[in-house]
Protein chains: 2
Amino acid sequence: MDNNNKYETPSLSHSFGRLILQLRKLERQPRTFEGIGPLTPSELHTIDAIGPEGSVLMSELAARLGITKGAVTQLIARLETKELVVRSMHPTDQRSTLISLTVQGKAAYMMHEELHQAFYKQLQTQMSPEEIAIFAKTIDKFIFALDH
Amino acid sequence: MDNNNKYETPSLSHSFGRLILQLRKLERQPRTFEGIGPLTPSELHTIDAIGPEGSVLMSELAARLGITKGAVTQLIARLETKELVVRSMHPTDQRSTLISLTVQGKAAYMMHEELHQAFYKQLQTQMSPEEIAIFAKTIDKFIFALDH
DNA sequence: GGAATTAGTATAGTAACTAAACTTAAACTT
DNA sequence: AAGTTTAAGTTTAGTTACTATACTAATTCC
């Protein structure tokens, strides 16, 4: 046996493969929010990236989400028709557009955040604080390894 | 401060948010394989799910990938035109179709597997065996928590 | 020997992008 | 001051990766 791993665990590659398939599934499931309607994962990520306070440039949003500016234009257009987001002028640069959440948008943000909190609370019943700590730390190393 | 977490770590929710955006990005990047050409992430997951030996039913493939049978039909059709996969008859059930990898398909499988191995080897330079073990274990709990 | 189930396919529609060409504004260059 | 380059954002057409629905054919279940 050329595997001298002395820790009896599920294989990392196997677990990670399952995680990816699970996340792919999760990431194509829209979620419906009370008084707002269904929001796709991309819409939710965008709302998340804007944040509940202040405003963000289109290009900054593209950078945060890791997508092109063209994709952001399309997403913001859709969120604008849903009245979750507003565009406003940049005070000094006429080229720039500032995006911020409407009252409705903030409500969606909060409800989504609560879902997250509930999830992490539920996770704490399954994992010890030590495990959670290592998990968070290793995710960061993992991300680092992902983009070399 | 109502956060009595005594472990100084990046917040799990923050790390996980970043992980999701990173994986979304990764999961829309095709990879090119020597002598085969570019393969999309979905195509690679499908090849992975078929495996290098034996054959798999369409419906089993759909279950493994967590997508509908219709989606599998389309993916297999594409992989068939790329000559990475062949359909064959089920010995006793005329309705069923068995899918297996061609020689080319197995080559793609192997090259992809080598990429994975290289990634995990690189990860081992960043993480201790204990961390890797806990990471694998906690991913499983995490997946469990994801689908309640 | 039907009736219900199961395996797979076909088709139309949607989400989530990208790439490339474009417009307008701002910042440099000389 | 005029021209050039860069940056911000939009538009459009195309692709991938699905889903949902309706369908055909084979099998199993009374």
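Throughout, a chain's letter reflects where its sequence line sits, starting with A, and its residues are numbered from 1.
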Classify B:T92 by what it touches in the nucleic acid, base, sugar-phosphate, or nothing, heavy-atom distance under 4.0 Å. sugar-phosphate
In terms of the nearest nucleotide of DNA chain C, which residue is placed more toward the 5' end: B:V72 or A:T68? B:V72
Which whole-number value in Å describes the distance from B:R78 CZ to C:dT9 P? 15 Å
Quickly work out the B:L61 CG to D:dC18 C1' distance and round it to whole Å. 15 Å
Which nucleotide sits closest to the side chain of A:S59: D:dG9, C:dA25, D:dC18? D:dG9
I want to verify a distance call: between C:dT18, C:dT9, D:dA17, whose nearest atom is closest to the B:R28 side chain? C:dT18
Rounded to whole Å, the CG-P distance (B:L26 to D:dA17) equals 13 Å
Classify the nucleic acid contact of A:L75 as base, sugar-phosphate or nothing, counting any heavy atom under 4.0 Å across all strands shown. nothing
Going through the distances and angles, do A:F142 and A:F135 end up as a ring pair (Phe, Tyr, Trp, His ring centres under 6.0 Å)? CA-CA 10 Å; A:F142 202 77; A:F135 193 48; 9.7 Å; no
Among the nucleotides C:dC17, C:dG8, D:dA17, which one has an atom lying closest to any side-chain atom of A:I67? C:dC17
In whole angstrom, what separates A:E27's CD from C:dA16's P? 10 Å
A:A71 side-chain proximity, nearest of D:dG9, C:dC17, C:dA15: C:dC17
Find the partner of C:dA7: check Watson-Crick (N1-N3 plus N6-O4 or O6-N4) and G-U wobble (N1-O2, O6-N3) distances, both under 3.5 Å, and reply none if neither fits. D:dT24
Return the nearest nucleotide to the side chain of B:R95; candidates are C:dG8, D:dT27, D:dA17. D:dT27
Tell me the interatomic distance from B:M58, atom CE, to D:dA25, atom C1', rounded to whole angstroms. 15 Å
Of the listed nucleotides (D:dG9, C:dA16, C:dA7), which one gets closest to any side-chain atom of B:K69? C:dA7
For D:dA26 and B:S96 - does any side-chain N or O of the residue sit under 4.0 Å from the phosphate oxygens OP1/OP2? no
So does B:E83 have more than 12 non-hydrogen atoms from other groups sitting under 6.0 Å from CD? no
B:R24 side chain near C:dA16 phosphate (N/O to OP1/OP2, under 4.0 Å): no
Spacing between A:L57 atom CG and C:dA26 atom P, to the nearest angstrom: 13 Å
With a cut-off of 6.0 Å (strictly less than), are more than 12 heavy atoms of other residues, nucleotides or ligands near NE2 of B:H14? no
Residue pair B:S11 / B:S13, side-chain donor-acceptor N/O under 3.5 Å: yes
So which one's nearest nucleotide on DNA chain D is more toward 5', A:Q29 or A:G70? A:G70
Indicate whether any N or O donor in one side chain lies under 3.5 Å from an N or O acceptor in the other, for A:E130 and A:S128. yes
If you check every side-chain atom of A:T73, which of C:dA16, D:dT11, C:dG8 has the closest atom? D:dT11
Nearest to the side chain of B:D93, heavy atoms from C-beta on, is which of D:dA26, D:dC18, D:dA8? D:dA26
Mind calculating the distance between CG (A:L65) and P (D:dG9) to the nearest angstrom? 14 Å
Length of the line joining B:Q74:CD and C:dT14:P, which is rounded to integer Å: 15 Å
Proximal nucleotide (of C:dA7, C:dT11, D:dA17) relative to the B:S42 side chain: D:dA17
Would you mind telling me which of D:dG9, C:dG8, C:dC17 lies closest to the side-chain atoms of B:T97? C:dG8
I'd like to know if A:K137 pairs up with B:E131 as an ion pair, taking the criterion as any Lys NZ or Arg NE/NH1/NH2 lying under 4.0 Å from an Asp or Glu carboxylate oxygen. no
